[in-house]
Amino acid sequence: MNIEQIYTGCLAQGAYYIESNGEVAIVDPLREVNPYLSRAQKDGANIKYIFETHFHADFVSGHVTLAEKTGATIVFGPNAETSFESYIAQDGEVFKIGDITITALHTPGHTMESTTYLLKDSNNNEHAIFSGDTLFLGDVGRPDLAQKAAHMTQEELAGILYDSLRTKIMTLPDKVVVYPAHGAGSACGKNMSKETVGTIGDQKKTNYALRTDMNKEEFIKEVTDGLLPPPSYFPLNVKLNKEGYESIDTIIDKGTRALSPNEFEQLANETDALVLDVRHQSEFIKGFIPRSIFIGIDGGFAPWVGALIKDIEQPILLVTPEGREEETVTRLSRVGFDNTLGYLNGSYNAWKSAGKEIDLLESISATNLETKITQENAAVFDVRKPGEYESEHIVDVPSTPLDFLNDHINEFPKNEPFYVHCAGGYRSVIAASILKARGFHNVIDIAGGYGAIKKTDIKKTTYVCPTTL
């Protein structure tokens with residue numbers, strides 16, 4: 001028996017490769033399926049089952065493509081309905097893979113079809129669970145994502161989740177390994193650990209939601225408290241995961257079309273495409289195509305694309321670091337953004353060399369900001385997450401989180417200079433690019449973000465540990 005976690009940091013997502021005696025099961029695959037195919041080929045094994053723990057909202061699964069390429073059976077838990085061929089397991093149904101078995105444990109609550117898969121080894125010992133978004137390390141799945149589809153309140157779903165955890169998961173032996181679908185950084189929970197593998201026994205000791213002295217009412221209150229609104233692309237990804245999607249091979253072929261500066265400009269005008277610049281923020285600041293949006297490929301790229309670009313069908317033209325064009329198209333497709341039309345051949349330097357119009361983003365140091373605040377009462381905006389802001393921030397500076405920038409758009413001055421910062425400089429450049437594209441040309445980035453601000457004498461609130469908020 002061989003179990004491998006294939007973890008993708010950008011999405012904080014874990015897929016799983018399980019092999020026994022020449023047969024393979026894949027749990028929650030990503031959309032680009034070649035890694036699974038290559039791994040099975042290396043083992044001389046056949047992919048027999050593709051287990052989906054639920055209809056994912058934060059990424060497009062590779063289940064449809066992987067089934068087409070291998071003939072493997074796609075398995076969902078009870079209550080699931082798909083537009084493609086799939087097998088809907090019964091609660092407690094057993095699937096054999098080589099010398100091991102996987103049992104479907106229906107664990108609704110995060111969504112109504114959510115299912116945990118229990119792996120028993122060749123000696124029929126309960127070895128591991130693949131818990132999807134039902135149980136994370138340090139947290140459980142948020143119960144608000146499926147409430148419209150399920151015609152239930154988040155409180156009702158949370159109550160169902162409470163029962164699932166206590167009747168299906170907490171009754172398993174403490175030594176059973178927990179393999180969750182996500183870790184810290186995912187929007188599918190609020191308190192996830194940075195660890196990506198644990199045990200049921202450890203979770204009983206450390207996970208607030210598995211406290212043995214917690215009643216259902218307390219669980220519902222704690223699980224639903226402090227939930228931020230989910231990103232707007234989540235329902236669109238659920239739809240793709242239920243109904244199917246275009247082959248990623250086709251998406252990559254279309255999206256990796258090399259365009260000259262003239263072709264790029266013409267296509268942008270003809271299609272009203274969004275120009276998405278994914279270079280490093282330090283490069284973007286020095287020069288970029290006017291009205292382009294920055295979301296750097298080396299940051300939390302895919303989740304920020306999903307959170308900030310509202311329509312997954314939006315035509316997109318790319319400015320990428322040279323050699324990373326296919327990677328960018330692939331990572332866009334992971335969150336359902338399939339309408340990439342091509343990329344600027346030669347990247348930004350080709351645009352500049354062609355004599356095209358360019359724009360710049362002004363940036364100042366935190367030390368200079370201190371002078372501006374003292375002498376000019378400068379307007380400063382903090383685009384970090386609410387929890388970061390509540391932990392510590394500049395006195396009298398408002399919270400304008402990047403996730404919800406559109407909700408605060410009227411708070412930014414149109415005709416006066418103002419300053420934006422995040423924690424280190426990535427998110428503030430995203431915010432500044434969006435604001436400039438909206439006509440706020442007096443926006444100025446604070447280099448180094450709050451990390452640099454902390455080293456100055458700018459007046460700040462008293463630090464509060466985020467875990468106590």
Side-chain angles (χ1 to χ4, degrees), residues 6 11 13-18 23-31 33 36 47-97 100-120 128-136 140-143 145-152 157 160-161 163-165 167-169 179-182 188 234-245 334 336:
I6 303 172
L11 292 170
Q13 188 269 345
Y16 297 92
Y17 175 94
I18 307 161
E23 294 186 334
V24 172
I26 306 292
V27 180
D28 292 339
L30 281 185
R31 193 166 180 185
V33 301
Y36 316 115
I47 298 176
K48 183 177 183 180
Y49 291 113
I50 303 159
F51 291 104
E52 289 288 316
T53 56
H54 64 295
F55 292 120
H56 302 283
D58 60 313
F59 70 96
V60 179
S61 178
H63 54 318
V64 174
T65 302
L66 191 56
E68 289 173 350
K69 289 180 179 287
T70 65
T73 300
I74 301 170
V75 180
F76 280 92
N79 298 328
E81 295 181 5
T82 67
S83 299
F84 47 83
E85 186 176 350
S86 61
Y87 183 84
I88 308 305
Q90 299 295 311
D91 185 25
E93 188 166 354
V94 178
F95 300 83
K96 190 168 179 59
I97 299 100
I100 65 174
T101 62
I102 290 181
T103 303
L105 304 178
H106 188 211
T107 50
H110 172 65
T111 65
M112 288 307 292
E113 80 284 351
S114 286
T115 297
T116 295
Y117 295 101
L118 170 64
L119 184 152
K120 293 183 180 181
I129 57 169
F130 302 88
S131 55
D133 287 19
T134 294
L135 175 64
F136 300 125
V140 292
R142 56 191 296 171
L145 299 184
Q147 62 188 87
K148 290 182 181 178
H151 305 291
M152 302 170 74
L157 282 164
I160 292 171
L161 180 58
D163 293 334
S164 293
L165 291 166
T167 62
K168 296 291 183 67
I169 290 179
Y179 290 112
H182 293 291
C188 294
F234 272 25
L236 304 173
N237 275 203
V238 170
K239 186 173 187 290
L240 288 171
N241 284 322
K242 285 184 176 182
E243 298 179 2
Y245 43 76
R334 286 177 183 168

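Keep in mind it's a predicted model, so treat the numbers as computed, not measured.
- Scanning all heavy atoms of the two residues, the minimum distance from Leu161 to His110 falls at CD1-N, 4.2 Å.
- Ser61 and Asn241 share no donor-acceptor pair across their side chains, judged by distance under 3.5 Å alone.
- A pairwise comparison of heavy atoms in Pro108 and Ser164 identifies O-OG, 2.7 Å as the closest pair.
- Distance check: Thr134 OG1 to Leu105 CG gives 10.0 Å after rounding to the nearest 0.5 Å.
- Here the closest heavy-atom approach between residue Ile88 and residue Ala80 is recorded as CD1-O, 3.5 Å.
- Residue pairs that meet the salt bridge (Lys or Arg N to Asp or Glu O under 4.0 Å) test with at least one member in residues 68-77, sequence neighbours left out, are Lys69-Asp249.
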Report task. Begin with the C-alpha distance, continue with both residues' side-chain angles, and end with the deciding distance and a verdict on side-chain contact (heavy atoms from CB on, under 4.5 Å) for Tyr49 and Ile26. Result -> CA-CA 6 Å; Tyr49 291 113; Ile26 306 292; over 6 Å; no

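- Here OH of Tyr36 is found 12.5 Å from OG1 of Thr70. Values are rounded to the nearest 0.5 Å.
- Nearest heavy atoms, His63 versus Phe84: NE2-CZ, 3.3 Å.
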Report task. List the steps and the verdict of side-chain contact (heavy atoms from CB on, under 4.5 Å) for Asp28 and Tyr16. Result -> CA-CA 7 Å; Asp28 292 339; Tyr16 297 92; 5.8 Å; no

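- How far OG of Ser83 is from NZ of Lys239: 8.5 Å, rounded to the nearest 0.5 Å.
- The two atoms that bring His182 and Asp133 nearest to each other are CD2-OD1, 3.2 Å, heavy atoms only.
- Note that CG of Leu165 and OG of Ser131 are 9.5 Å apart. Values are rounded to the nearest 0.5 Å.
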Report task. Applying side-chain contact (heavy atoms from CB on, under 4.5 Å), run through Ile18 and Ile102 and close with a yes or a no. Result -> CA-CA 10 Å; Ile18 307 161; Ile102 290 181; 4.0 Å; yes

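- Phe76 and Phe55 have tilted rings, their planes meeting at an angle from 30° to 60° on a 0 to 90° scale.
- Ring geometry for Phe51 versus Tyr117: interplanar angle of 30 to 60°, hence tilted.
- The minimum heavy-atom distance between Arg334 and Asn237, with the atom names listed, is O-OD1, 4.2 Å.
- Rounding to the nearest 0.5 angstrom, the gap separating the CG atom in Asp91 from the OG1 atom in Thr103 is 10.0 Å.
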Report task. Kindly determine whether Thr111 and Leu145 satisfy side-chain contact (heavy atoms from CB on, under 4.5 Å), including the steps that lead there. Result -> CA-CA 7 Å; Thr111 65; Leu145 299 184; 5.5 Å; no

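- Looking at Thr115 and His106, their side chains come closer than 4.5 Å, going by heavy atoms from C-beta outward.
- Looking only at distances, no side-chain donor or acceptor of Tyr179 sits under 3.5 Å from a matching main-chain atom of Gly14.
- The shortest side-chain heavy-atom distance between Leu30 and Leu11 falls under the 4.5 Å cut-off.
- Side-chain contact between Thr116 and Leu135: absent, with no pair of heavy atoms (C-beta onward) separated by less than 4.5 Å.
- Few gaps surround CD on Glu243; more than 12 heavy atoms of other groups in view lie less than 6.0 Å from it.
- At least one side-chain heavy atom of His56 sits less than 4.5 Å from a side-chain heavy atom of Asp58.
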